[in-house]
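A quick write-up on the structure given underneath.
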Amino acid sequence: MSKDNHENAPEAVKTNFIHQEIDKDLAENKNGGVVLTRFPPEPNGYLHIGHAKSICLNFSLAQKYGGGCNLRFDDTNPVKEDVEYVDSIQEDVKWLGFNWEGEARYASDYFDQLYLWAVKLIKNGKAYVDDQSAEQIAAQKGTPTEPGTESPFRNRTVEENLDLFERMKAGEFAAGEKVLRAKIDMASSNMHMRDPLMYRIIHKDHHRTGDKWCIYPMYDFAHGQEDFIEGVTHSICTLEFEVHRPLYNWFLDQILDGDEELQSKVRPRQIEFARLNLNYTVMSKRKLLELVQKGIVAGWDDPRMPTVSGLRRRGYTPESIRNFADKVGVARRDGVIDVALLESCIREDLNKKAPRVNAVVDPVKLIITNYPEGKVEMVDVINNPEDETQGSRQLPFSREVYIEREDFMEEPPKKFFRLGPGREVRLKGGYAVTCTDYKKNESTGEIEEIYCTYDPETKSGATTVDRKIKGILHWVSVEHAVDAEIRMYDRLYNHEAPSSQKDTDHLDFINPESLKIITAKIEPSLKEVKPLDKFQFQRVGYFCVDKDSTSDKLIFNRTVALKDSWSKKK
RNA sequence: UGUCCCAUGGUGUAAUUGGCAACACGUCUGAUUUUGGUUCAGAAGAGUCCAGGUUCGAGCCCUGGUGGGACAACCA
C-alpha cells in the first residue's frame, strides 16, 4: 500500500540524523530489518503545515526503507475529540499524496489491552489507585528543583488497588474522585517519572467506544504501547516529548516484564525532532481553534489559515507542500522558517502548471483613438510559456481595454518602463500603443481614462516590425470583460508576529488587512472554471478558484503574489 | 537554584570513519524574455557561541563556560 507513496516527491532526500539512527539500527540488525513508522494525530483539530512536515517525514522514512507508515488516531481523551476531525485528517493525509499501511488505527481499539496491562502493573506492585484531588496530587509533585512527596495512598495493597481500579472501570466513582498512578519515583529529577497518572475517570461518550468506558488512559500510558501493539519500529515525535522518553521506555519495560512472548516482538524506539515554526504564523491548535471560534477567520479552511485545508483552498498543491517539507529539513534544534520559503515552493510548482490569463485587478480604461469603433479582432495568446503543451487561446481585442492602474504614470521615472504620456508599450498579444493623452479628475487626482493610438503594423506575431518595446502590459477588452471577486490575502499576523511571544495574546497581532476583497476584470475565457483551478494572472500573481465560486459569481483566492522587482525598487 | 536537549552565512539544513565549510530560500549584479515573471550567468555574505585540551590536522572528540529551549495538564 505504501509503494506509491511519494512518487512525485524530490528523489534526492537529504539525509538527516533520523536516517543515521535508523541506519544504525539496521546495521545492528534490529527489528529484523523492518522499518515501520506512524503518524499519530489526536483528532481534536485540523491538520496544519507543521503536521504536514511530520507526515512527509514519517511517510518518506517508510518509503526510503521499504517499510510502511500507519495512520493512528490517538483518541484517548473524548472531551476534546470529534469525528469531524477524524474525517478531515484522513482527507488531508490522502490529499498530501500518502497512503497509510492498511486501515486507519485508533488508540481506542486498544483500550481492552491497555486495561489488562494496567492490571498487570497493579499486580506487580507498579501502580496504585490514588484518592486525592488533582490539586493535592499537583502539590505533592514538587517542582523541577525540589523532589515531590509520596501520596498517602501509595502503599495500598495489590488487592485493594485491583478492587478499586475495577470499580473505577465499573463507573462507581465520579470524575476526579480517583486515578490510577504508576509507582515510580517521587524524587526523580524528571517530573514525568514522579508517579505519573495512567488512568483518569471521564464520564463522557467516546466518538468510537460510546459509553463502554469511563476510564481513559493518559498519553504516557498509551502511546508507547500503541506503538508496540502495531509493531512500530521508530516512533518519531517532536522535541517536547523528549522528557517523556524515559517513561515511554519504563512502561514498555513493565508490560514486557516476565513475558517472553512479548519480549520477542519488535520494541519501538522514540526519536524526537524539532517541530516546524513559521514566522508570521501560529501553529498551536488551541490558537487556531480560537481563531475559528471567534470568527476571526471563516473556518478551519480559511485561506489565511496554516491548515492543510486552508492551504489547499488557498491554491497550494500537495507537491509544493511536500517539497517544502523536504527543504525545511529535520533536526533537533528549534528554528523559525521564513514563510518566503513556503511561498517560493508554491511559485515554483505553479509556474510550470498554472495557465497564464489576463486579469486586471485595479482597472483603468484605455481608449485606442485610431482603432475602429465596434471592431473586434481575436488575438492568439500563449497559455503557458513554461509548457507549450498547454497551447494557446483566442482573446477579443477592441477599441477600449482595461489596463492596470499602476501601469500608467503621469510623470514616469527613468526606470519605469510602462505607460506614460508619449510612451509606447505593447498590449501583450495585441498591438503596440502610444499614449497621446489622458483624462484626470482634478478634484480626486484620479486618472479616469487614457488615450492612445496603435500601430497596425505591430500586431503580435507580425514579423514586419522589429521595434524594441520594453513595456508589456496585460489587458482585458472592456466590452468582453467578466467581473470576478478577488480575495487578496495578506499575512494574518503583523510584523511583530507571534510564535515566540509566549506572554502576549496572539490576537494582539492580528493584521486587520489580512483579507481585502476587490472586483477585477478578467478575460472571458475564464467563465468556465471549477473550484481549485489555478491560474497565473499575468504579472499579478497566482490565483485559485474558491470553493464557493459559481458560474454566476466567480471568486478567486490569491495564492501568492508574483515576485515584483519593480515594486521592490520603489 | 535541578534534570535533559540544542548552538554552522540573514533564515533553514549539509559536511564520508576528524582533512582547506556546501546547498536552498533571501539579497545584489548582468544577459535573455511579447510577464520587471521564468530561465541563465555571476556576486556579496559564516571560518562553524566562547575558552582551553587531544591531534600533523577539529564544525565534528574531551573539559569548562556562555546563550537558547524543554520539563511541575486528571492534554496530546
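Source: prediction; values computed, not measured. A note on names: the letters A, B, ... follow the listed sequences, proteins ahead of strands, and every chain is numbered from 1.
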So what does A:Gln20 hit on the nucleic acid, given a heavy-atom distance under 4.0 Å: a base, only sugar-phosphate, or nothing? sugar-phosphate

Are A:Asp185 and A:Ser188 linked by a side-chain donor-acceptor pair shorter than 3.5 Å? no

For nucleotides 41-45 of chain B, list the nitrogen or oxygen atoms of the protein found under 3.5 Å from its nitrogen or oxygen atoms, one pair per line.
none

Less than 3.5 Å between a donor and an acceptor, one on the side chain of A:Arg333 and one on the base of B:rG68, is that the case here? no

Over all strands shown, is A:His474 touching base, sugar-phosphate only, or nothing at heavy-atom distances under 4.0 angstrom? nothing

Side chains of A:Tyr316 and A:Glu343 only: does a donor on one sit below 3.5 Å from an acceptor on the other? no

Stems in RNA chain B: runs of 3 or more consecutive Watson-Crick or G-U pairs, distances under 3.5 Å? B:2-7 with B:66-71, B:10-13 with B:22-25, B:27-31 with B:39-43, B:49-53 with B:61-65

Check every strand shown and say whether A:Gly335 touches a base, only sugar-phosphate, or nothing at a heavy-atom separation below 4.0 Å. sugar-phosphate

Within the 4.0 Å heavy-atom criterion, would you say A:Phe221 contacts the bases, only the backbone, or no part of the nucleic acid? nothing

Could you go over nucleotides 22-32 of chain B and give all protein N or O partners under 3.5 Å, atom names and distances?
unit_1 : atom_1 : unit_2   : atom_2 : d
B:rG26 : OP1    : A:Lys563 : NZ     : 3.4
B:rU27 : OP1    : A:Lys568 : NZ     : 2.7

Could you check which of B:rU35, B:rG36, B:rC74 has an atom nearest any side-chain atom of A:Arg418? B:rG36

For A:Leu239 and B:rC6, give me the distance from atom CG to atom C1', rounded to whole Å. 8 Å

Please report the distance, rounded to the nearest Å, between CZ in A:Phe273 and P in B:rU13. 12 Å

Over all strands shown, is A:Asn190 touching base, sugar-phosphate only, or nothing at heavy-atom distances under 4.0 angstrom? nothing

NA contact type, A:Val328, heavy-atom cut-off 4.0 Å: base, sugar-phosphate, or nothing? sugar-phosphate

How would you label the contact of A:Glu386 with the nucleic acid (heavy atoms, under 4.0 Å): base, sugar-phosphate, or nothing? base

Reckon A:Tyr216 touches a base, only the sugar-phosphate, or nothing at all at heavy-atom distances under 4.0 Å? nothing

Could you tell me whether A:Glu319 and A:Lys352 have a side-chain N and a carboxylate O separated by less than 4.0 Å? no

Touch check for A:Val330, heavy atoms < 4.0 angstrom, all strands: base, sugar-phosphate only, or nothing? sugar-phosphate

With no hydrogens and no angle check, just 3.5 Å: does a side-chain donor-acceptor pair link A:Tyr46 and A:Glu84? yes

How many whole angstroms separate atom CG of A:Leu197 from atom P of B:rA72? 13 Å

Could you tell me whether A:Glu242 and A:Arg332 make a salt bridge, using a distance below 4.0 angstrom between a side-chain N and a carboxylate O? yes

Base, sugar-phosphate or nothing for A:Tyr199? Non-hydrogen atoms, less than 4.0 Å. nothing

When we call it a touch if two heavy atoms are under 4.0 Å apart, what does A:Ser133 touch: a base, just sugar-phosphate, or nothing? base

